[in-house]
**Student:** 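Handing you a structure now.
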Amino acid sequence: MAFRIQLDNVGKKFDAFHALRGFSETVSDGDRISLLGHNGAGKSTLLNLLATLSPPSSGKISYEVDGKAVDKKPQIRDMLTYLSHEPMLYPDLTGLENLNFVARLHGIRITDEELTALLDKVGMRTARNRLFRTCSRGMQQRLSIARALLPQPQLLLLDEPFSGLDSEGIARFTELFHASDLSWLLVTHDLELAWQMANRFWILKRGKLIHSVRRDDLEHDDYLGLAREATMAGVTR
Amino acid sequence: MTPVSAVFKAMLAKDVRRELRSKEIFISGFLFSIILLCAIYIAVTAGNLKFEKMGTGAIWLCILFTGTVSMNRIHQSETANGCYRGLILAPVEGGWLYLSKVCANLLLLGFSATLLVPLTALFFQLDVWANLPYLLASLYLGILAFVAVGTMVVVITANTRMKDVLFPLVQLPLVVPVLIGGVNSTAVALEGKAPWDWLQMLLAMNVVFLSLGFLLYEFLLEE
């Protein structure tokens, strides 16, 4: 299934504070976008808007699957998952029980063997029956990645998805994501990771999109220059 | 989209499993009820009041306070680790999420209330067996309305700085009609009569609160 998300002049205001202003872009199948910017640039706000967690204050976001408009929230949420530094898993359930709950909530029929195979992919097979609250921060993040991959979404919204992971973990998931046919929108402050993971870059500064470039059109040094300029802008407005 | 029955089953199974493992709702709610019953018993004894007249009030005071404590606990465990966001992001209409959450909360609070009835009967010399079906109908319809309101209020106050204080402050005035209906219905049932009028009032309140919750939940969940 092919998807397309069109953002037309999207803005988000919190009281008098403009978190995002006049954002117009398109996300479609095959896009692997790194979203860069300083703290408070509006990156997480944009992910929340795309995930339908909060409505835009101005402008419009339209979703399409296979050329047909999708406007019901459950259908929109069916095509994407959100992975952030919050694991969204229950402390008093084991990894396996948590994933079982997520599968049932998404209407997915899945056996324990299939879930164990997924846990194997994220390096959590042996800890599958451990209570989530007894897992280390890195292990919790691995389970959270399994949670995000379980519904087989078309678009992953990733907000610092590898926080708490060791270098082996980051390498494993970078490889795993690249080997998949997933599209994603990645928010990270790690400029090298952002370069490795993306075929497009959106750079935000003070709530405005200042650069939207394809990786093919950019040398690594030019990319670093653009990214550093935006990330060092600071949050004072 | 996920079938509604699957959402209900998943939510009930998850909440029951968590409660069996942590027992936090039972411990915080039921033990608080026992302490409250003891306090009321001592006050009644000291004031030379009639035990059987105080029983209904004691049951509902326990439901009110332990319900508030338990709802707060349930919500705290749901918001830990951003779990609530995980629920919101499921491909399910907000209204069905609300009703499944109400069912799970009713099950957890209803269990504590069921244990409370024989205890109150013992403390306040009540004959609960004479009109048990009406007594249980009064209690469960009241608890359902309490939970229907609480499940909404908990989300409204979730993003505020003083949510632990705000929750009872918003919840308690809203459940005053439930309390009036519940107390009167329970009192009539304990007298051995059928409290049809009060049960109808509780039923109507449930229809109103559950419909409101079903329609508004999606809107309330938005950040």
Side-chain angles (χ1 to χ4, degrees), chain A residues 12 14 19 44-45 47-56 70 72-94 96-109 131-133 135 137 140-141 143-144 147-148 150-151 153 156-157 159, chain B residues 1-28 73-101 104 108 155 158-159 215 217-223:
Chain A
K12 182 72 185 178
F14 297 103
S44 299
T45 303
L47 292 197
N48 284 342
L49 294 178
L50 285 168
T52 71
L53 282 172
S54 113
V70 171
K72 292 219 161 68
K73 280 183 185 169
Q75 291 169 321
I76 295 168
R77 288 167 185 170
D78 211 12
M79 62 190 260
L80 48 87
T81 51
Y82 196 131
L83 173 60
S84 72
H85 47 89
E86 279 185 323
M88 302 185 201
L89 295 170
Y90 292 91
D92 292 319
L93 298 184
T94 65
L96 205 56
E97 288 166 350
N98 262 307
L99 292 186
N100 234 319
F101 173 66
V102 173
R104 292 168 85 176
L105 205 58
H106 282 79
I108 301 164
R109 286 174 187 274
L131 286 183
F132 184 74
R133 65 178 147 82
C135 293
R137 174 76 187 91
Q140 291 188 350
Q141 197 59 20
L143 283 170
S144 185
R147 174 194 60 76
L150 177 60
L156 275 170
L157 301 172
D159 193 350
Chain B
M1 264 167 58
T2 312
V4 173
S5 60
V7 178
F8 274 76
K9 276 186 205 163
M11 196 75 87
L12 284 173
K14 182 260 296 175
D15 280 348
V16 168
R17 180 171 281 148
R18 281 176 55 213
E19 179 55 20
L20 286 174
R21 196 163 280 155
S22 68
K23 296 172 188 68
E24 59 182 2
I25 310 302
F26 180 74
I27 290 170
S28 62
R73 264 319 302 146
I74 291 169
H75 192 65
Q76 273 171 20
S77 56
E78 201 68 73
T79 46
N81 289 346
C83 294
Y84 231 97
R85 281 185 132 199
L87 283 185
I88 301 166
L89 287 165
V92 182
E93 291 281 358
W96 295 117
L97 269 185
Y98 167 75
L99 290 184
S100 61
K101 199 71 208 139
L108 297 178
V155 173
N159 290 327
L215 296 172
Y217 205 61
E218 183 79 54
F219 171 72
L220 297 176
L221 288 173
E222 280 181 354
E223 290 171 359

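The sequence lines fix the lettering, A, B, ..., with proteins before strands; numbering per chain opens at 1. It should be emphasised that the depicted structure is a prediction, and the values quoted were computed from it without experimental measurement.
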**Student:** Supply the atom-to-atom distance A:Arg133 CZ to B:Asn81 CG, rounded to the nearest 0.5 angstrom.
**Tutor:** 11.5 Å

**Student:** Among B:Val7, B:Leu89, B:Leu97, which residue forms the greatest number of heavy-atom pairs with chain A at distances under 4.5 Å?
**Tutor:** B:Leu89

**Student:** Closer than 3.5 angstrom, by distance alone: can the side chain of A:Arg104 be matched with the main-chain N or O of B:Met11 as a donor-acceptor pair?
**Tutor:**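 No; zero donor-acceptor contacts below 3.5 Å.
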
**Student:** Tell me every residue that passes ring-ring contact (aromatic ring centres under 6.0 Å, His included) with A:Tyr82, counting only those two or more places apart in sequence or in another chain.
**Tutor:** none

**Student:** For residues A:His106 and B:Pro91, report the shortest heavy-atom separation together with the two atoms involved.
**Tutor:** CD2-CD, 3.2 Å

**Student:** Is chain B contacted by the side chain of A:Ile108, its backbone, both, or neither, given a heavy-atom distance below 4.5 Å?
**Tutor:**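 It is neither, since no heavy atom gets under 4.5 Å.
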
**Student:** Can you list the steps and then say if B:Glu218 with A:Lys72 is a salt bridge (charged side-chain N to carboxylate O under 4.0 Å, His left out)?
**Tutor:** CA-CA 12 Å; B:Glu218 183 79 54; A:Lys72 292 219 161 68; over 6 Å; no

**Student:** Enter the distance from A:Ser54:OG to B:Ile88:CD1 here, rounded to the nearest 0.5 Å.
**Tutor:** 11.0 Å

**Student:** Rounded to the nearest 0.5 Å, what separates atom CG in A:Asn98 from atom SG in B:Cys83?
**Tutor:**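 So the gap between those two atoms works out to 7.0 Å.
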
**Student:** What option among B:Gly94, B:Ala10, B:Gly86, B:Ser100 has the most heavy-atom pairs under 4.5 Å with chain A?
**Tutor:**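 Most heavy-atom pairs within the cutoff with chain A belong to B:Ala10.
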
**Student:** For side-chain contact (heavy atoms from CB on, under 4.5 Å), just list the numbers for A:Tyr90 and B:Asp15, CA-CA rounded to whole Å, side-chain angles, deciding distance to a tenth of an Å, and then say yes or no.
**Tutor:** CA-CA 10 Å; A:Tyr90 292 91; B:Asp15 280 348; 5.7 Å; no

**Student:** Any chance you could measure B:Arg18, atom CZ, to A:Glu97, atom CD, to the nearest 0.5 Å?
**Tutor:**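 Between atom CZ of B:Arg18 and atom CD of A:Glu97 there are 11.5 Å.
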
**Student:** Could you verify whether a donor N or O on one side chain and an acceptor N or O on the other, from A:Asn100 and B:Arg17, lie under 3.5 Å apart?
**Tutor:** no

**Student:** Go through A:Val102, A:Thr52, A:Leu105, A:Ile76 and name the one with the most non-hydrogen pairs under 4.5 angstrom from chain B.
**Tutor:** A:Leu105

**Student:** I need the minimum non-hydrogen distance between A:Leu93 and B:Arg21, along with the two atoms involved.
**Tutor:** CA-NH1, 3.6 Å

**Student:** With sequence neighbours left out, write down each residue that passes side chain to side chain donor-acceptor pair (under 3.5 Å) with A:Ser84, or none if nothing qualifies.
**Tutor:**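 Applying side chain to side chain donor-acceptor pair (under 3.5 Å) to A:Ser84 gives none.
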
**Student:** Stepwise, does the side-chain contact (heavy atoms from CB on, under 4.5 Å) test hold for A:Asp92 with B:Lys14?
**Tutor:** CA-CA 10 Å; A:Asp92 292 319; B:Lys14 182 260 296 175; over 6 Å; no

